Amino acid sequence: MKDATGARITDDAGDVTVRVRQVIERLGCSHREFARRIVMDPSKLSRSLGGTRRFTLAEIVRIADIGEVDTGWLLGAPERPATPPDREPAAVPEGGRPLQIVRETVRLIAEHGFHGVRVADIAAACGTSPAAVHYHFPGRDELLEAAVRWCMDEDTERRAAGLAAAPDARAELLHLIALQTPRTEQQRRQWLVWLDLWAQAARSTAVGRLHEHYYRQWRTTVAEVVRRGVDQGVFRAVDPEFAALRLTALIDGLATQVLATAPDSTGPDTMHSALLAFVESELTATPAG
């Protein structure tokens, strides 16, 4: 069966071509650069814009994604206006406009999913223009990376405060587990951004590298805590890297269930209890006696 995404778009009146040109003008890049961004041969883009070749559906989807516009609009539907924010535009924090954009991006991703959020929606939430958002973050990957970096920085600060006050490695690990259990609104938002990052990483090499970097950092943190626990005698003699692999995988799976299932199914309390049970059964050293 022929892939429908390879079907050619009917554009007898040239409206699709006009709108693609508008997208290129909004981005302010050359045709060659635009072709690179949408992974399209420059000569094919040139022929499509010149009317001697029709865009495929797959190409239109990529153009909509890179241009931050609706696929329906590219194909002739009226452009959807920015969704009015459900609250007053967020105040610009001390960190300036970029931090405001990142915070609102995190909130909107958590509420609607990364591909359900447009630059126009972020701009409306910030009380600014899409051009201002593009000035700081040219594309989707940059916005996702900034959102993940902000979530990780916030998480790192909370981790550091708890780890410094913990009396031993076991208390450190329990602190990390508590931080990863999505109870608060902020914890749930961070997890929802992570889920979008995973989905993007499966399709994008650039985002995949970002995911690999941050996940390695997180797993290394857990492995180091386990290693300290083994040295202190509060954990049994286990392989720290393998223990971290198992524990982080369990955290990921349980958090996904908490976020994706009904409230009366797997909840934060159940997740937390299961993680504590893992620590007790798989890591905690048996007192001598």
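These numbers come from the heavy atoms of this one structure, side chains and all, not from hydrogens, waters or symmetry mates. Model, not experiment: these values are computed from the prediction. Numbers here are sequence positions counted from 1.
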So, taking the atom named [atom1] in [X] and the one named [atom2] in [Y], what distance separates them when rounded to the nearest 0.5 Å?
{"X": "Phe278", "Y": "Leu250", "atom1": "CZ", "atom2": "CG", "value": "6.5 Å"}
{"X": "Ile63", "Y": "Met40", "atom1": "CD1", "atom2": "CE", "value": "6.5 Å"}
{"X": "His31", "Y": "Ser48", "atom1": "NE2", "atom2": "OG", "value": "11.5 Å"}
{"X": "Glu111", "Y": "Arg107", "atom1": "CD", "atom2": "CZ", "value": "5.0 Å"}
{"X": "Glu282", "Y": "Arg246", "atom1": "CD", "atom2": "CZ", "value": "4.5 Å"}
{"X": "Ile122", "Y": "Phe137", "atom1": "CD1", "atom2": "CZ", "value": "9.0 Å"}

Requested in this report: Scan residues 37-53 for pairs that pass salt bridge (charged side-chain N to carboxylate O under 4.0 Å, His left out), counting only residues two or more places apart or in two chains.
Outcome: Glu33-Arg37, Arg53-Glu59
Validation row: [X], [Y] side chains within 4.5 angstrom (heavy atoms):
{"X": "Trp150", "Y": "Val193", "answer": "no"}
{"X": "Ile109", "Y": "Leu192", "answer": "no"}
{"X": "Leu283", "Y": "Leu173", "answer": "yes"}
{"X": "Arg54", "Y": "Val16", "answer": "no"}
{"X": "Arg36", "Y": "Arg32", "answer": "no"}

Query raised in the report: Between Arg21 and Glu25, is a salt bridge (charged side-chain N to carboxylate O under 4.0 Å, His left out) present by the stated rule, with each step listed?
Result: CA-CA 6 Å; Arg21 288 184 180 277; Glu25 289 173 6; over 6 Å; no
Which atom names give the shortest non-hydrogen contact between [X] and [Y], and what distance separates them?
{"X": "His272", "Y": "Thr181", "value": "CD2-OG1, 3.7 Å"}
{"X": "Met271", "Y": "Ile251", "value": "CE-O, 3.7 Å"}
{"X": "Ala166", "Y": "Glu172", "value": "CB-CG, 3.5 Å"}
{"X": "Ala223", "Y": "Pro240", "value": "O-CB, 3.5 Å"}
{"X": "Gln180", "Y": "Trp191", "value": "O-NE1, 2.8 Å"}
{"X": "Val106", "Y": "Ala147", "value": "CG2-CB, 3.7 Å"}

Side chain to side chain contact (heavy atoms under 4.5 Å, CB included) against [X], all qualifying residues, sequence neighbours excluded:
{"X": "His136", "result": "Arg97, Pro98, Ile101"}
{"X": "Thr248", "result": "Tyr215, Trp218, Arg219, Val222"}
{"X": "Leu179", "result": "Asp155, Arg158, Arg159, His175"}
{"X": "Thr220", "result": "Arg216, Glu224"}

Requested in this report: Check whether any side-chain N or O of Thr266 sits under 3.5 Å from a backbone N or O of Gln257 as a donor-acceptor pair, and report yes or no.
Outcome: no
Query raised in the report: So, Arg189 side chain and Ala110 main chain: donor-acceptor pair closer than 3.5 Å or not?
Result: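 It does not hold such a pair.
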Does [X] belong to the same Ile/Leu/Val/Met/Phe/Trp/Tyr cluster as [Y], with side-chain heavy atoms less than 4.5 Å apart forming each link?
{"X": "Phe242", "Y": "Val234", "answer": "no"}
{"X": "Tyr135", "Y": "Val119", "answer": "no"}
{"X": "Trp194", "Y": "Leu245", "answer": "no"}

Requested in this report: Carefully, step by step, assess Val23 and Leu74 under the rule side chain to side chain contact (heavy atoms under 4.5 Å, CB included).
Outcome: CA-CA 9 Å; Val23 168; Leu74 277 175; 4.1 Å; yes
Requested in this report: Evaluate side chain to side chain contact (heavy atoms under 4.5 Å, CB included) for Glu104 paired with Asp121, printing each intermediate quantity in order.
Outcome: CA-CA 9 Å; Glu104 290 306 296; Asp121 300 321; over 6 Å; no
Requested in this report: Show your reasoning for whether side chain to side chain contact (heavy atoms under 4.5 Å, CB included) applies to Val117 and Thr105.
Outcome: CA-CA 8 Å; Val117 178; Thr105 298; 5.7 Å; no
Report task. Evaluate the criterion side chain to side chain contact (heavy atoms under 4.5 Å, CB included) for residue pair Leu45 and Leu49; output intermediate values, then yes/no. Result -> CA-CA 6 Å; Leu45 175 63; Leu49 293 174; 3.9 Å; yes
Query - Residue list, side-chain hydrogen bond (donor to acceptor under 3.5 Å, both in side chains) with Glu241, at least two apart or on another chain - result: Arg227
**Report entry** Salt-bridge criterion met for Arg228 and Asp231 (N-O under 4.0 Å)
**Finding:**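 Salt bridge absent between Arg228 and Asp231.
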